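In what follows, a single structure is set out as structure tokens and then discussed.
Residue numbers begin at 1 in each chain, while the letters A, B, ... track the order of the sequences. Quick caveat, the model's predicted, so the values are computed rather than measured.
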Amino acid sequence: MRLSQSFLPVLKESPSDAQIASHKLMLQAGLVRQTAAGIYAWLPLGWRVLQKVEQIVREEQDRAGAQEMLMPTIQPADLWRESGRYDAYGPEMLRIKDRHDREMLYGPTNEDMITALFRDDVKSYRDLPRMLYHIQWKFRDEVRPRFGVMRGREFLMKDAYSFDLDEAGGQRSYYRQLLAYLRTFRRMGIKAVPMQADSGPIGGKLSHEFIILAPNGESEVFYDAAVESIDLDRPGLSYDDDAGLAALFNEVTGSYAATDETHDPARWAMVDDKAKRTGRGIEVGHIFYFGDRYSKAMGLKVSGRDGDMVTPMMGSYGVGVSRLVGAIIEASHDDNGIIWPEAVAPWKVGIVTMRADDEATVAAAADLYQKLGAAGVETLYDDRDERGGVKLGGMDLMGLPWQIIIGPRGLKDGVVEVKNRASGEREELTPEAALAKLTS
RNA sequence: CGGGGAGUGGCGCAGCCUGGUAGCGCAUCUGCUUUGGGAGCAGAGGGUCGCAGGUUCGAAUCCUGUCUCCCCGACCA
């Protein structure tokens, strides 16, 4: 992408609305614009990142054996009456009426709908187990949205649902998602710690939330460093290996990890002092096993092996996709701007010309831009007629992992500068060497 | 929902107390000079001061109502 032809509005000062780093940076670097309280438009830069995050989530769900589908944002109220949640769900649910005065709502989640869909077409134990997911916008009319996209009213969420014949099967599905989540967050280049969670109003026995550590996190966290070093690539750990999955689960639950809500000082005291880790965190995922809570209420039954009717056991597994974008920034930035982990960066490389009026500079930049593109490296080329400093500041703010800085001074010696955003390291390389380095 | 704060060119703000017809920085546009970490000079464009009433000869400014946004708390992916 050539910056001169793009819509990437970067602000010199950050709007006064924003309070925390990620929110400020998202506005300043032009990722989002607020449309109403807790509702955001995603501009090209933010949208690219959001899609990267979404794609990682999607790939890991697919690997775990879940099938993607798409359910609507608008749902009929009657669906929620069936599960008994329509009246139970508070004012966070956005209730609307269509022109025929039918009661509708903008979905805050989809357990009810998926249960109905599954019920209507699945009749036999042979069709179980199944795991389904979709990535869709949700709306929860929070009393007080804040922190930008981390606590918005409208948000993009991946929610998966598992259907199993019995509790053991449900547990297996849960373990699979646990592994999928650990792999998902690791791929994004962030540290997300699984913590035993209170399963809350949904009810159920198994529940974990995944917390990204960030100084501005909403809750305080306490955990044993051992949970950070779980090997996810070891032999025997696969989605088809029950023993391996169970071992993983034991490893996760065997180490103390809790937020302030569930913190147990007595158990905490038993953790080795050297392994104790505390800090603040942001919840980016939550997995639940809730058994027959919805299947029972909504009459989901299948014929069992012996001809009897069986009520499937369910679980649901959420990832706050849009929230993750904010959370990643919260966990990865400095005074100059965002520092994207490469896996979610909007572009891998940014090219800056220090002198847009120097022919050799522009030619070298255009050549590198073309070659990087041909090699499949996502590159943003700042070809604007701006001063070097302005462009460098912009690059730092936008946080692309690599910058190639090209100017007459270096070209005189046949080199360009390659800068790593995260470490700040700079190297002077020939354009060919720079190309080789960034395409390898 | 309780408590606090704010709405004035695109962004950040001053002006309001003590009414007299709107200003500053940045951004934008034009020209010239500049050019390796957010340039200088000269000029230009852009605002019914959130909205609605009221007081007054006159309202950004005073009064009433209303909407929106932000912050703290309670609540949440």
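Taking 4.5 Å as the limit, some side-chain heavy atom of A:Gln5 sits within range of a side-chain heavy atom of A:Met1. Side-chain contact check for A:Met314 versus A:Asp292: every heavy-atom pair is 4.5 Å or farther apart.
The base of B:C76 lies outside donor-acceptor range of the side chain of A:Arg140, with no N or O pair under 3.5 Å. Below the 3.5 angstrom threshold, one finds a donor paired with an acceptor across the side chain of A:Arg151 and the base of B:C75. Counting distance only, with no hydrogens placed and no angle test, the side-chain atoms of A:Arg426 and the base atoms of B:G37 include a donor-acceptor pair under 3.5 Å.
A residue-by-residue look at A:Val149 and A:Pro145 shows that A:Pro145 has its nearest nucleotide of RNA chain B further toward the 5' end. Between A:Glu218 and A:Ala356, the one whose closest nucleotide on RNA chain B sits nearer the 5' end is A:Ala356.
Counting any heavy atom pair closer than 4.0 Å across all strands shown, A:Lys419 reaches a base atom. A:Asp357 comes within 4.0 angstrom of a base, heavy atoms only. Within the 4.0 angstrom heavy-atom criterion, no nucleotide atom of any strand lies near A:Gly388. No engagement by A:Gly326 is indicated, since no non-hydrogen atom pair under 4.0 Å with the nucleic acid exists. Across all strands shown, A:Gly90 has no heavy atoms under 4.0 Å from either base or sugar-phosphate atoms. Using a 4.0 Å heavy-atom cutoff across all strands shown, A:Asp396 reaches at least one base atom of the nucleic acid. Among the atoms of the strands shown, base atoms are found under 4.0 Å from some heavy atom of A:Glu417. At a threshold of 4.0 angstrom between heavy atoms, the contacts of A:Pro408 include nucleobase atoms, whether or not backbone atoms are also involved.
With 3.5 Å as the limit, one finds a donor-acceptor pair spanning the side chains of A:Tyr223 and A:Glu228.
Relative to the side chain of A:Arg355, the nucleotides B:G38, B:U35, B:C76 differ in distance, and B:U35 lies closest. Between B:G36, B:G38, B:G73, one nucleotide has an atom nearer to the side chain of A:Lys12 than all others, and that is B:G38. With distances taken from any side-chain atom of A:Glu92 to the nucleotides B:C75, B:A74, B:A77, the minimum falls on B:C75.
Within the shown strands, nothing qualifies as a pairing partner of B:C16 under the Watson-Crick or G-U definition with both distances less than 3.5 Å. When both distances must be under 3.5 Å, the Watson-Crick or G-U wobble mate of B:U61 does not exist. Nucleotide B:G47 has no partner under the Watson-Crick or G-U criteria, as no pair reaches both atom distances under 3.5 Å.
Classification of the A:Trp42-A:Trp137 ring pair by plane angle, with boundaries at 30° and 60°, yields tilted. Classification of the A:His263-A:Phe222 ring pair by plane angle, with boundaries at 30° and 60°, yields parallel.
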Might you list the N or O atoms of the protein lying below 3.5 Å from N or O atoms in nucleotides 9-15 of chain B, with each pair's distance?
{"residue": "B:G12", "atom": "OP1", "partner": "A:Ser16", "partner atom": "N", "Å": "3.0"}
{"residue": "B:C13", "atom": "OP2", "partner": "A:Ser16", "partner atom": "OG", "Å": "3.2"}

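For the pair A:Arg387 and B:A39, the criterion of a side-chain N or O lying under 4.0 Å from OP1 or OP2 is met. Within the 4.0 Å cut-off from OP1 or OP2 of B:C72, not a single side-chain nitrogen or oxygen of A:Gln19 is found.
Within the structure, the ring pair (Phe, Tyr, Trp, His ring centres under 6.0 Å) test picks out no pair touching residues 414-440 of chain A (sequence neighbours left out). Contacts classified as side-chain hydrogen bond (donor to acceptor under 3.5 Å, both in side chains) and involving residues 139-150 of chain A (residues at least two apart or in different chains) are given here: A:Asp141-A:Arg153, A:Glu142-A:Arg151.
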